[in-house]
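Computed from heavy atoms alone, side chains included, the values below leave out hydrogens, waters and symmetry copies. Bear in mind that the values here come from a model prediction, so they are computed numbers and not experimental data.
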Amino acid sequence: MVVTAAAAELLKLLQDRHGPVMFHQSGGCCDGSSPMCYPRGDFLVGDRDILLGVLDVGADGVPVWISGPQYQAWKHTQLVIDVVPGRGGGFSLEAPEGVRFLSRGRVFSDGEQAGLRAAPVITGAAYERGARPSTRGQVVDTDRGAALRTCPPAR
């Protein structure tokens, strides 16, 4: 799990305004697969939701969650949180800014997938009991994001 520099800057602005924030990778009808940004605690993480990672933005980081069924579809893919012009859903904190968060994807290599299989999956229930990932998702610049060969946004 990584975040582009532009998305990290927007997250810092949102943290200044709203305090700690979190993402939930939507799979619902309202916003397709947009990552939805909420003030931490305003979205109830389910016991079976999966923590994809904690982005290294702000003092507390930004947890990124996904539903269990969505995780099964995306577990072979590194999600890159980015920001693009345009208005997303009204539920996500960035909506008034005239931009929207977007998930880009990159398929993990065989070696990366093997490493992921060895790491424990942290569910909402485990997080409540204190489980945390050992590392945070890094901030990447736009050039590096392109080098990750992510899927481009639809135009």
Measure across [X] and [Y] and return the closest heavy-atom pair with its distance rounded to 0.1 Å.
| X | Y | answer |
| --- | --- | --- |
| A5 | V139 | CA-CG1, 3.7 Å |
| T77 | G105 | CG2-CA, 3.7 Å |
| R40 | G61 | NH2-O, 2.6 Å |
| A126 | I122 | CB-CG2, 4.3 Å |
| A8 | V3 | N-CG2, 3.8 Å |
| V21 | P63 | O-CD, 3.5 Å |

*Hey, does the side chain of R100 reach the backbone of A95 with a donor-acceptor pair shorter than 3.5 angstrom?*
no
*asked:* Q72: which residues meet the side chain to side chain contact (heavy atoms under 4.5 Å, CB included) condition with it, sequence neighbours left out?
replied: K75
_D60: which residues meet the side chain to side chain donor-acceptor pair (under 3.5 Å) condition with it, sequence neighbours left out?_
none
_H18: which residues meet the side chain to side chain donor-acceptor pair (under 3.5 Å) condition with it, sequence neighbours left out?_
none
*Determine, stepwise, if the pair V2 / R104 fulfils side-chain contact (heavy atoms from CB on, under 4.5 Å).*
CA-CA 10 Å; V2 297; R104 300 180 191 274; over 6 Å; no
Can you tell if the side chain of [X] reaches within under 4.5 Å of the side chain of [Y], non-hydrogen atoms only?
| X | Y | value |
| --- | --- | --- |
| Y71 | L52 | yes |
| V107 | Q113 | yes |
| V57 | K12 | yes |
| E94 | V83 | no |
| L102 | S34 | no |
| L11 | L55 | yes |

*Should the pair E112-R106 be classified as a salt bridge under the 4.0 Å nitrogen-to-oxygen rule?*
yes
*Distance flag, aromatic centroids of F108 and H76, threshold under 6.0 Å*: no
*asked:* Determine whether the aromatic ring centres of residues W65 and F43 are separated by less than 6.0 angstrom.
replied: no
To the nearest 0.5 Å, how far apart are [atom1] in [X] and [atom2] in [Y]?
| X | Y | atom1 | atom2 | value |
| --- | --- | --- | --- | --- |
| M1 | T135 | CE | OG1 | 12.0 Å |
| D82 | T4 | CG | OG1 | 3.5 Å |
| Q78 | S103 | CD | OG | 11.5 Å |

*Going by the angle between their ring planes, with limits at 30° and 60°, are F101 and F23 parallel, tilted or perpendicular?*
perpendicular
*Single hit among Q25, H24, Q70 for side chain to side chain contact (heavy atoms under 4.5 Å, CB included) with D49*: H24
*More than 12 heavy atoms from other groups under 6.0 Å of CG on D16*: yes
*CZ of R132: more than 12 outside heavy atoms within 6.0 angstrom?*
yes
_L116 reachable from I50 in the ILVMFWY side-chain graph, under 4.5 Å edges_ = no
*Begin from the C-alpha positions of Y127 and V45 and carry the test side-chain contact (heavy atoms from CB on, under 4.5 Å) through to its verdict.*
CA-CA 10 Å; Y127 193 84; V45 173; over 6 Å; no
*Test side-chain contact (heavy atoms from CB on, under 4.5 Å) applied to L13 and Q15, step by step*: CA-CA 5 Å; L13 174 79; Q15 288 171 326; over 6 Å; no
